[in-house]
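Letters A, B, ... are given to chains in the order of the sequence lines, protein chains preceding strands, and every chain is numbered from 1. We use all heavy atoms of the structure for the numbers below, so side chains are in, but hydrogens, waters and symmetry mates are not.
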Protein chains: 2
Amino acid sequence: MPEKKKITAIDSWGQALTTVSRLLRKFDTTLQESVGISAVWYDVLLRLSYAPNRRMRMQNLSESLILTRSGATRLVDRIEKAGLICREAAAEDRRGYYAILTDEGRAVMRRAKKIHGDDILASFGSHLDSDEQRLVYELMRKVADGNG
Amino acid sequence: MPEKKKITAIDSWGQALTTVSRLLRKFDTTLQESVGISAVWYDVLLRLSYAPNRRMRMQNLSESLILTRSGATRLVDRIEKAGLICREAAAEDRRGYYAILTDEGRAVMRRAKKIHGDDILASFGSHLDSDEQRLVYELMRKVADGNG
DNA sequence: AGACAATTATTGACAATGCAACTAATGAAT
DNA sequence: ATTCATTAGTTGCATTGTCAATAATTGTCT
C-alpha cells in the first residue's frame, strides 16, 4: 500500500504560488535582457495584439492585467512614452480612451513572442507532458471560474 | 469523438498566472482587513513559524520569499518596526543576522493562519476535490523541481 | 601571516503600484 | 431639462521593491 502524504488545499495553493512566482521572475529577466521589456509590458502588448483592432479601453486593460485603474494609467504612460502603444479618445464615450498597439509595438511583440514562447516551453512546458499541461490549464481555470 | 481544443504550454502557463494573481490579491485583501497584515508579511511570519527556533537568516528568507536581499532587508525592517519579528546577530557568522518571530508575531500568526486557511479553502480548495488538489501540488512541484 | 576574492547585509536613488481624491462625461429619474 | 448617482480616467501621496554601490566579515591560496 503506497504511503501518500495528505496534501491540503494550503499545501497545494502554496506550491502553486511559489512556482508561479519563481517562473514569472525568470521570464521577466529573460524578456528584459533579450527584448528590453518587462513581463508586465509583455502582458499589455500581448492583450492588445489579440484585441479587435489591436486596441482596448483602459478599463478592460486594467481588469485583465489585475491592476487598479490608476496602475494601468501609469503603466500605459510608460509604454506610450517608449512608443510601443498610443492613446486615442473613444468616439462612443468621451470619458474613455483606447490604448492602441503601434507598429513599433507590433514589431517588438513579434520578437518577444518568440523569445517568451521558447522560455515558457523550456521552463514550464518541457517538464509536463501534454496531458499534464491540459490538467494545469483546466484545474486553474476551474478555480478561476469558481471565483467569478 | 470529443472535440478537444489543443492546449499549449503558453495557454497553460497563462491560466496559472492569472488565477494565482487573482487569488493572491483576494487573499491579501482578506488578511489586510481581518488581521492587518499583507500576504507578504504573512509569508514571512509563516516561514519563521515553521523554521527551527523560529528564526531564519536574511539570505534564506529572501530566497524563500522570492525577493532580492535588499527587498528582504526593507521588508524585515517594516515587520520589525511593527513588533512581529526582531533581528539578532548570527553568532557563527558575524556578517549575518537572524530574523526571529516575536511572541506578538506568534500571536498574530495564530489568528492569521485561521483566517487565511479558511480563505484558501473557500476560494481555492472548495473548487477542487482532494485528488485535484494533489494534482495541482504535484504538477507545480514538478515544474519547480525542473527549474532547480 | 597576508592578499585578494567571495559572501552577508544594508543603504541611497529610483521605478512601480495602490489608495483616495478629483474631473469630466454619461445615464436615469423626475 | 435638471438633478443626482455612476462611471472612466487621471493625479498626488505613500508604500513597496529593485539595482548598484558599500561596509564588514569570511575563506582561500600562496
* To do: Would you mind reading off the distance between L65(A) atom CG and dG18(C) atom C1', rounded to a whole angstrom?
  => 15 Å

* Within 45° cone of F124(B) ring axis and under 6.0 Å: K142(A) NZ or CZ -> no

* Asked: If only side-chain N and O atoms of R57(B) are considered, is one of them under 4.0 Å from the OP1 or OP2 phosphate oxygen of dA9(C)?
  -> yes

* Structure fact -> Per nearest nucleotide of DNA chain C, the residue lying toward the 5' end, R69(B) or R78(A), is R69(B)

* Asked: Can you check the R95(B) CZ to dT25(D) P distance for me, whole Å?
  -> 10 Å

* F27(A) and W13(B) aromatic centres sub-6.0 Å -> yes

* With nearest nucleotides of DNA chain D determined for R74(A) and S70(B) from heavy-atom distances, which residue corresponds to the more 5′ nucleotide? -> R74(A)

* Structure fact -> Quick note, T73(B) side chain, CB onward, closest among dA9(C), dG17(D), dG9(D) is dA9(C)

* Which part of the nucleic acid, if any, lies within contact of G96(A), taking any heavy atom under 4.0 Å across all strands shown: a base, the sugar-phosphate backbone alone, or nothing? -> sugar-phosphate

* To do: Could you state the atom-to-atom distance from CD of Q59(B) to P of dT25(D) in whole Å?
  => 18 Å

* Asked: Sub-3.5 Å donor-acceptor pair from the side chain of Q15(B) to the main-chain atoms of Y137(A), do we have one?
  -> no

* **CA sep, side-chain torsions, deciding dist, call: K6(A), S130(B), side chain to side chain donor-acceptor pair (under 3.5 Å)** => CA-CA 9 Å; K6(A) 170 94 177 167; S130(B) 72; 5.5 Å; no

* For atom CZ of R87(B) and atom P of dT8(C), their distance in whole Å -> 16 Å

* Asked: Taking CD from E92(B) and P from dT26(D), how many angstroms apart are they, rounded to a whole number?
  -> 10 Å

* Asked: Taking atom C1' of dA9(C) as reference, at what distance in whole Å does atom CE of M56(B) sit?
  -> 15 Å

* **d(CH2, W41(A); P, dA16(C)) in whole Å** => 7 Å

* Asked: Atom CG of L67(A) to atom P of dT17(C): distance rounded to whole Å?
  -> 6 Å

